[in-house]
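Computed over heavy atoms, backbone and side chain alike; hydrogens, waters and symmetry mates excluded. Atoms within each ligand, like the ligands themselves, are counted from 1 in listed order.
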Amino acid sequence: MNVLVVGGAGYIGSHMCKRLAEAGHHVVVLDNLSTGHRSAVQWGELVEASLGDGGAVAQTLRQHRIEVVMHFAASSLVGESMTDPYRYYANNVSATLSLLQAMHDNGVSQFVFSSTAAVFGEPETALIDEQHPCRPINPYGNSKLAVELMLDDAARAYGLRATALRYFNAAGACDSRLIGEKHEPETHLIPRLLRRAAGEALDVKVFGTDYATRDGTCVRDYVHVCDLADAHLLALEYSHVQPGFHRFNLGNGDGYTVLEVLRAAEDVVGRSLDIPHGPRRAGDPAMLVASSDKARKVLGWRPRRADIRQIVEDAWAWHQQPAY
Ligand code: UDP
């Protein structure tokens, strides 16, 4: 199929492009390079434009006879969304609406959307499945939920075939070492630990040691970026034959505490990282772990790189590349 990957110069988007190309699909990337990297676009032509630019999007859809749009481009910093919510509604909601309108106007009827565990807010159960109530606690989560609601409406009204994939904590990098995680600023635990290990002067702390968890630090469900790409491909195939709007939670179902991740990182880099304990970070729930039963049963998804050590090893290999 001809697939437009919006945000394909970013971390998860670039892994998706690689996976799509391996599966024989024709890939076109649309990205404004505001946070993505030109060097990450290796499996398809780059159209340098914003997703909110209806004219550029419409022309790209027509020129490349696009059949499916996969949408990874978003502002995704929870803290920033609290202080600048308009930016989140503009980039994540309004620009996505413009993308969907351009697809509708040009007869493109299949859409795969990067959503997030942040749509759930404070977890009410240990494992979060698709029935869990959606009550986001920040504008970032609200903006992603708003798009999910639009997709549900669009599926009913226009016959859009749409899938929202709610990722828990994406991490790792593909074996090729050609692409990986490179955010500025970097807020995520694993790349912060590894950048620190690589000698960057990052002030990394364990955020909170008084949570009601097995060692007092937060539990998160880390899922390998290549496993996420596999899930998207399966979702694409599923929604091709199954009309409507579908939601899937994507995680390993196993949580690791911050201290367990730190130990894995120390193991992989072969020395102590000397990370001090600090206060809690505002807005962090104690535990966020996915039930991915639905993705496993309905899509046949099997995460193949669920072990935290493997995830950290792959991320570390990327961080040591000259390209990084
Ligand atoms: N964390 C930490 N120190 C850091 C960055 C993150 O202790 O420098 C913790 C954070 O409080 C959370 C976990 O690591 O409990 C994962 O955070 P991350 O930002 O990677 O992902 P999130 O779960 O917020 O999406």
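Of all atoms in ligand 1, listed by their number and element, those nearer than 4.0 Å to a heavy atom of Val206 are 7 (O). Near Cys218, meaning under 4.0 Å from one of its heavy atoms, ligand 1 places the atoms 15 (O). Close approach to Thr187 involves these atoms of ligand 1, each under 4.0 Å from a residue heavy atom: 5 (C), 19 (O). Residue Val204 has at least one heavy-atom neighbour below 4.0 Å for each of these atoms of ligand 1: 8 (O).
For the pair Asp129 and Lys294, the salt-bridge criterion is not met [side-chain N within less than 4.0 Å of a carboxylate O]. Between Arg166 and Glu130, none of the side-chain N atoms (NZ, or NE/NH1/NH2) sits under 4.0 Å from a carboxylate O, so this pair counts as no salt bridge. Between Asp152 and Arg247 a salt bridge is recorded (basic side-chain N to carboxylate O distance below 4.0 Å). Between Arg135 and Glu122, no side-chain nitrogen of the basic residue sits less than 4.0 Å from a carboxylate oxygen of the acidic one, so the salt-bridge criterion is not met. Salt bridge Lys144/Glu148: absent, no basic N to carboxylate O contact under 4.0 Å. With respect to the salt-bridge test (charged N to carboxylate O, under 4.0 angstrom), the residues Glu200 and Arg196 do not qualify.
For atom 25 (O) of ligand 1, the nearest non-hydrogen atom of the protein is Asn169 ND2, 3.6 Å. The shortest contact between atom 9 (C) of ligand 1 and any protein heavy atom is with Val258 CG2, 3.8 Å. Summary of contacts: the protein heavy atom closest to atom 8 (O) of ligand 1 is Arg192 NE, 2.9 Å. Of the protein's heavy atoms, Arg281 NH2, 2.7 Å lies nearest to atom 24 (O) of ligand 1. From the protein, the heavy atom lying nearest to atom 20 (O) of ligand 1 is Leu189 N, 2.8 Å.
Ring-plane geometry between His71 and Phe113 is classed as tilted, the angle between the planes lying from 30 to 60 degrees on a 0 to 90 degree scale.
Not one N or O of Ile190 is nearer than 3.5 Å to an N or O of ligand 1, by distance alone. Of the N or O atoms in Phe207, one or more lie within a sub-3.5 Å distance of an N or O in ligand 1.
Under a 4.0 angstrom heavy-atom cut-off, Tyr222 registers as being in contact with ligand 1.
One option in Arg220, Lys205, Arg196, Met287 has a heavy atom closer to atom 23 (O) of ligand 1 than any other, and that option is Arg220.
A cation-pi geometry, defined here as NZ or CZ lying under 6.0 Å from the six-membered ring centre and within 45° of its normal, does not hold between Arg220 and Phe168.
Residue His188 touches ligand 1 through backbone and side chain together, judged by heavy-atom distances below 4.0 Å. Of the heavy atoms in Arg280, none comes closer than 4.0 Å to ligand 1. Here Asp284 has side-chain heavy atoms under 4.0 Å from ligand 1, and that is the only part of it that gets that close.
Atom CZ of Arg65 is surrounded by 12 or fewer heavy atoms from other residues, nucleotides or ligands within 6.0 Å.
Just one residue in the list Tyr167, Tyr238, Phe111 forms a ring-ring contact (aromatic ring centres under 6.0 Å, His included) with His232, and that residue is Tyr167.
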